[in-house]
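Below, read A as the first sequence line, B as the second, and so on, with proteins coming before strands; counting in each chain starts at 1. Hydrogens, waters and symmetry mates play no part in the numbers below; they use all other heavy atoms, side chains included.
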There are 2 protein chains.
Amino acid sequence: MTASRQVAPARSAAPSAPSGPSAPSATATAPWDELPARIRARGLRWTPQRRILLEVLSRSEGHVTGAELVERCRAADPSTVPSTVYRTLDVLEELGIVQHAHGADGREEFHVLPVSQHGHLHCLGCHQSWEISSDEAAALGRVLERERGFAMDLSHLTVSGHCRACGGDG
Amino acid sequence: MTASRQVAPARSAAPSAPSGPSAPSATATAPWDELPARIRARGLRWTPQRRILLEVLSRSEGHVTGAELVERCRAADPSTVPSTVYRTLDVLEELGIVQHAHGADGREEFHVLPVSQHGHLHCLGCHQSWEISSDEAAALGRVLERERGFAMDLSHLTVSGHCRACGGDG
DNA sequence: GATCCTATTGCAACGCGTTGCAGTTACGCA
DNA sequence: TGCGTAACTGCAACGCGTTGCAATAGGATC
Ligand SMILES: [Mn+2]
Ligand SMILES: [Mn+2]
Ligand SMILES: [Zn+2]
Ligand SMILES: [Zn+2]
């Protein structure tokens, strides 16, 4: 995700929504069925490898690491190769189908079809994690916006620390 | 840093400060000279490899990546090996000499002798970065504390998004 | 259905760390 | 000064991604 892959702008028939990059699909209910069309409309290609990842994603919920996704794809097709999976994830992120953040250790975590924009909270003690609502993050967002004109990307935010149970220690 | 290495509690003479784990040294002015003693006092050992890293660190300022530190050590001693450097960094972090966070790509960034506790702000557009003061982060800290009893680790916090200059786009 | 163009794939190599293990060494102590 | 022990080192292998490149294959067009 450092230098994200380029996705060409839509070429032909672009029916429904404005479909700006990374804007969640208009039809949040059945985005999987529309995907092949959306992909092709952008001049991209619908391939077997992508179909498999999409199947895997549609069966996933909550947060999944990149390695987990590779693993699940490999279960469906042992010839799966990591680079293809990660590259496809980049494309899907630009289409708003997934969003990534980083765990406390910096590893990638993907969120499938985020219902609502949210950040992430990681306890360094028990390694549990929770979601931060945009309400909770609003205060920080406002400060950064007002004082620096900085637009925070909530979905990429990971806060680490210690939960109530893990108290003062680790 | 996932499973941090164990550091034995001080065994013999522990003069000055309470020296709780990761509490910045009492003498923030010349911690380098005291380090060998502090290390030995904990039952740890003062080795040539550690001396080199300390020299490198004492010449560094601001944020440095792990790879950069390995590189600089290798400049001083070509036989330097990454695992030793990273393991020593873990120890130094527990002694409060360095603190790490993660860039927007998840890679480690070390901060040497943090003068004041701060978080990090990364622009996904221009890749510049800034420090977030504890004042700015206070609002978020309070919300998490009050509503969840969660103690945020400010120094490990990285917020990404877009700076004023990089506006709406990438 | 054949053709053409370019997006995509697989591969191999790389970059950043992390980990288990066996040999080495610092250093507290007699 | 020499010993014993546990901390430390170096090595090799691994895990998670990323990247350049040449070969492959979508799919739009005719
Ligand atoms: Mn970390
Ligand atoms: Mn990221
Ligand atoms: Zn916890
Ligand atoms: Zn910027």
Can you tell me how far [atom2] of [N] sits from [atom1] of [X], to the nearest Å?
X	N	atom1	atom2	result
Arg42(B)	dG28(C)	CZ	P	15 Å
Leu44(B)	dT9(D)	CG	C1'	14 Å
Glu94(B)	dA7(D)	CD	P	14 Å
Asp105(B)	dC16(D)	CG	P	17 Å
Arg50(B)	dA26(C)	CZ	C1'	10 Å
Gln49(A)	dT24(D)	CD	P	14 Å
Trp46(A)	dT9(C)	CH2	P	11 Å
Glu68(A)	dG17(D)	CD	C1'	15 Å

[X]: side-chain contact (heavy atoms from CB on, under 4.5 Å) partners, not counting sequence neighbours:
X	answer
Ala151(B)	Glu145(B)
Gln49(B)	Thr47(B), Thr84(B)
Ser133(A)	Asp135(A), Glu136(A)

- Message: Angle between ring planes, His120(A) versus His111(A), binned at 30° and 60°: parallel, tilted or perpendicular?
- Response: tilted
- Query: Is the Phe110(A) ring parallel, tilted or perpendicular to the His100(A) ring (thresholds 30°, 60°)?
  - Reply: tilted
- Message: Looking at the base of dA6(D), is there any donor atom on it, or on the side chain of Arg45(B), that sits under 3.5 Å from an acceptor on the other one?
- Response: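 In this structure, the two groups form a donor-acceptor pair.
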- Partner residues of Arg142(A) under the salt bridge (Lys or Arg N to Asp or Glu O under 4.0 Å) criterion, sequence neighbours left out: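 Applying salt bridge (Lys or Arg N to Asp or Glu O under 4.0 Å) to Arg142(A) gives none.
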Which side-chain N or O atoms in residues 68-78 of chain B pair as donor and acceptor under 3.5 Å with protein atoms at least two apart or in another chain?
| residue | atom | partner | partner atom | Å |
| --- | --- | --- | --- | --- |
| Glu68(B) | OE1 | Thr65(B) | N | 3.1 |
| Arg72(B) | NH1 | Ser60(B) | OG | 3.0 |
| Arg74(B) | NH1 | Thr80(B) | O | 2.9 |
| Asp77(B) | OD1 | Ser79(B) | N | 2.9 |
| Asp77(B) | OD1 | Ser79(B) | OG | 2.8 |
| Asp77(B) | OD2 | Ser79(B) | OG | 3.2 |

- ILVMFWY cluster membership beyond Leu157(A) - transitive side-chain contacts under 4.5 angstrom: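 The other cluster members (ILVMFWY side chains, heavy atoms under 4.5 Å, direct or chained) are Leu121(A), Trp130(A), Ile132(A), Leu140(A), Leu144(A), Phe150(A), Met152(A), Leu154(A), Val159(A), Leu121(B), Trp130(B), Ile132(B), Leu140(B), Leu144(B), Phe150(B), Met152(B), Leu154(B), Leu157(B), Val159(B).
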Can you find a side chain N or O atom of [X] that sits less than 4.0 Å from OP1 or OP2 on [N]?
X	N	answer
Thr47(A)	dT9(C)	yes
Tyr86(A)	dT18(D)	no
Thr84(A)	dG10(C)	yes

- Note on the structure: Residues in residues 53-62 of chain B with a heavy atom under 4.0 Å of DNA chain C, by number, are none
- Selection residues 53-67 of chain A - residue pairs positive for salt bridge (charged side-chain N to carboxylate O under 4.0 Å, His left out), sequence neighbours left out: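 Pairs touching residues 53-67 of chain A that pass the test: Arg51(A)-Glu55(A).
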- Mapping Pro36(B) and Gly66(B) onto DNA chain C by nearest heavy atom, which one lands closer to the 5' end?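 Mapping each residue to its closest nucleotide by heavy atoms, the 5'-most match is Gly66(B).
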- Query: Pick the nucleotide of DNA chain C nearest each of Ile39(B) and Ile39(A); which residue has the one closer to the 5' end?
  - Reply: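 Its nearest nucleotide lies further toward 5', so the answer is Ile39(A).
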Show each protein N/O and nucleotides 11-15 of chain C N/O combination with a separation under 3.5 Å, one pair to a line.
| residue | atom | partner | partner atom | Å |
| --- | --- | --- | --- | --- |
| dC11(C) | N4 | Ser83(A) | OG | 3.3 |

